[in-house]
Amino acid sequence: MENKKRKVLIAGASIAGPVLAYWLSKFGFEVSIVERAPSLRLGGQSIDVNGPARRVAEWMGILDAIKAANTGEVGTQWVDKNNEVTASFPKEGAASLTQELEIVRGDLVEILYNLTKNDVEYLFDDQIESLEQDEQEARVHFARGHSGSYDLVIAADGIRSKTRKLMFGDEPEFRYLGMCTAYLTIEKAETDTDWARWYTADDSRVLLLRPDRQGTTRASINFLLPEEEYHKLEKADHKPLLLERLDGCGWEAPRLAREVEKSDDLYFDGIGQIKAPKWSAGRFAMVGDAACCPSPVSGKGATLAIVGAYILGGELARHADYRDGLKAYESLMRPYAESVQDLPPGVPRLAYPKTALGVSIVNTVMGVIASDAVQKVAGLFSKSDPEEEMTMDGKPLPEYGMLAPGNVS
Ligand SMILES: Cc1cc2nc3c(=O)[nH]c(=O)nc-3n(C[C@H](O)[C@H](O)[C@H](O)COP(=O)(O)OP(=O)(O)OC[C@H]3O[C@@H](n4cnc5c(N)ncnc54)[C@H](O)[C@@H]3O)c2cc1C
């Protein structure tokens, strides 16, 4: 292993970026993170830290902080337009959508920032404008006018990664899944409980309201939109389109429309996946959503970001030559990422019926699935070994603790 401290620049201070920074700095690298936003972006709904990501969180010593920040969600209820519950999936049930380690995305971002801020240089309100590389180094020019030299530059700036485009051009593909989603934080109302409430309207629309521990409510508005219409959307179209889709939805849509109008915390995007034929090119590489976004419908975006960042950090530490480290990272991580991206047939379309009859079928089917009898049978088949769950589809996570100068595992 080289004696000189290797310098790494990471773009993106959300989940993948800080997890990678944590491990790299533990392994003796000098790490900087450049974040385009002026401060941490704390928006978004609950995300799950499950499977192998839970094990990585345990090794990072943040499991208790994640548990303490639990949203308190007790399960998910399907409701009809009168807010009558048509199906209940309690957290502890076999078919629950609520995971044990459910945390609001922004809380996890803060935990990771606090864990790394003393060892990692954070550059907010800046981004990479151009980069080049040769045998000796990667040179980066920042939007704020300064430049720097690094051994490696890693894109961890999400599904829309601009850094990825600078590194790989148009080769990585954004595969649109035919659906748009908006997330926003709204005032808590009397109807909000500790349950997530899922409402299916006709015309392929779904509204979801979830509790948080901040005393507000996390809303998401979801609808199918044909690809040609999606590609024509500009930022200025987002709010008008959401208001149009909320119109005539029923249930609590008027409340959501008022919140959309006044929101300055709106996150709107097409749901899609990133398919990239390679994750590195010389001294450039990518991780998290930038490399292999599985889409929020997979429920595993944060898991892939955490596990991918851990393996990338570990493999770079384990190999003296960064080329070997990047190769090992991709060969360990890609099969797992591809299996997560492999969504069941009909997802997400099946959950978005077009007609009122379709809505009532979805509600009836969910009611049957939630019934005691079905839950008991499902429980018989879904009992799994907790150790097995913390693997990557049966493949154990590599352990890198012994590589660190200090005791990290
Ligand atoms: C504001 C926000 C809200 C979200 N809400 C949800 C949600 O409710 N549910 C869900 O499943 N997923 C949500 N996501 C996506 C989720 O965080 C990711 O799917 C997953 O956790 C993987 O994280 P990541 O670190 O790879 O990417 P992301 O979480 O997308 O983070 C990318 C980071 O890079 C920064 N960035 C962007 N461009 C640049 C640039 N050019 N230079 C430097 N930095 C840049 C962004 O500001 C962000 O901090 C949200 C993401 C964001 C940014």
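Residue numbers start at 1 and run along the sequence shown. Atoms within each ligand, like the ligands themselves, are counted from 1 in listed order.
A donor-acceptor pair under 3.5 Å is formed between the side chain of N114 and the backbone N or O of E110. Listed for the S161 side chain is no donor-acceptor partner under 3.5 Å among the backbone atoms of D157. Checking side-chain atoms of R55 against main-chain N and O of P52 turns up no donor-acceptor pair under 3.5 Å.
When only interatomic distances are considered, the shortest N/O to N/O separation between Q127 and ligand 1 falls below 3.5 Å. Not a single N or O atom of S46, backbone or side chain, sits closer than 3.5 Å to an N or O atom of ligand 1.
Among protein heavy atoms, the minimum distance from atom 6 (C) of ligand 1 is reached at Y183 CE1, 3.5 Å. The protein atom (non-hydrogen) at minimum distance from atom 33 (C) of ligand 1 is S14 CB, 3.7 Å. Scanning the protein heavy atoms around atom 13 (C) of ligand 1, the nearest turns out to be R105 CD, 4.0 Å. From the protein, the heavy atom lying nearest to atom 26 (O) of ligand 1 is D289 N, 2.9 Å.
When non-hydrogen atoms are compared, ligand 1 lies under 4.0 Å from the backbone of Q45 as well as from its side chain. Contacts between A305 and ligand 1, counted as non-hydrogen atom pairs separated by less than 4.0 Å, involve the side chain only. For L304, no heavy-atom contact with ligand 1 is shorter than 4.0 Å.
Few gaps surround CG on D134; more than 12 heavy atoms of other groups in view lie less than 6.0 Å from it. Under a cut-off of 6.0 angstrom, the local environment of CD in E187 is sparse, with at most 12 non-hydrogen atoms contributed by other residues, nucleotides or ligands.
Summarising the contacts of atom 1 (C) of ligand 1 with R210, R41, E35, the nearest heavy atom is found in R41. Comparing heavy-atom distances from atom 32 (C) of ligand 1 across D157, L184, I10 singles out D157 as nearest.
Listed by first and then second residue, the side-chain hydrogen bond (donor to acceptor under 3.5 Å, both in side chains) pairs involving residues 173-182 are E173-R175, T181-N222 (not counting sequence neighbours).
To the nearest 0.5 angstrom, L304 atom CG is 6.0 Å from Y336 atom OH. Here the CD1-CG distance, from I62 to L108, works out to 6.0 Å after rounding to the nearest 0.5 Å.
Every atom of ligand 1 is numbered from 1 in the order shown, and the set under 4.0 Å from a heavy atom of G301 is 20 (C), 22 (C). The contact set between ligand 1 and V34, taken as ligand atoms under 4.0 Å from a residue heavy atom, comprises 43 (C), 44 (N). Atoms of ligand 1 found under 4.0 Å from any heavy atom of P296 (numbered from 1 in listed order, with element): 11 (O). Close approach of ligand 1 to G288 (heavy-atom distance below 4.0 Å) involves ligand atoms 26 (O). Annotation for ligand 1: atoms under 4.0 Å from non-hydrogen atoms of K162 are 41 (N). Numbered from 1 in the order shown, with element, the atoms of ligand 1 that lie under 4.0 Å from a heavy atom of G158 read 27 (O), 30 (O), 32 (C). Heavy-atom proximity to A302, at under 4.0 Å, picks out these atoms of ligand 1: 20 (C), 21 (O). Using a 4.0 Å cut-off to heavy atoms of G43, the atoms of ligand 1 that qualify are 3 (C).
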Checklist entry - Please walk me through it: do C293 and Q273 pass side-chain contact (heavy atoms from CB on, under 4.5 Å)? => result CA-CA 5 Å; C293 176; Q273 298 187 328; 5.6 Å; no
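Applying the side-chain hydrogen bond (donor to acceptor under 3.5 Å, both in side chains) criterion to D125, with sequence neighbours excluded, gives R144.
At least one cation-pi condition fails for R318 and F27: the charged atom is not both under 6.0 angstrom from the six-membered ring centre and inside a 45 degree cone around its axis.
Side-chain contact check for S14 and R105: at least one donor-acceptor pair (N or O, by modelled atom type) lies under 3.5 Å.
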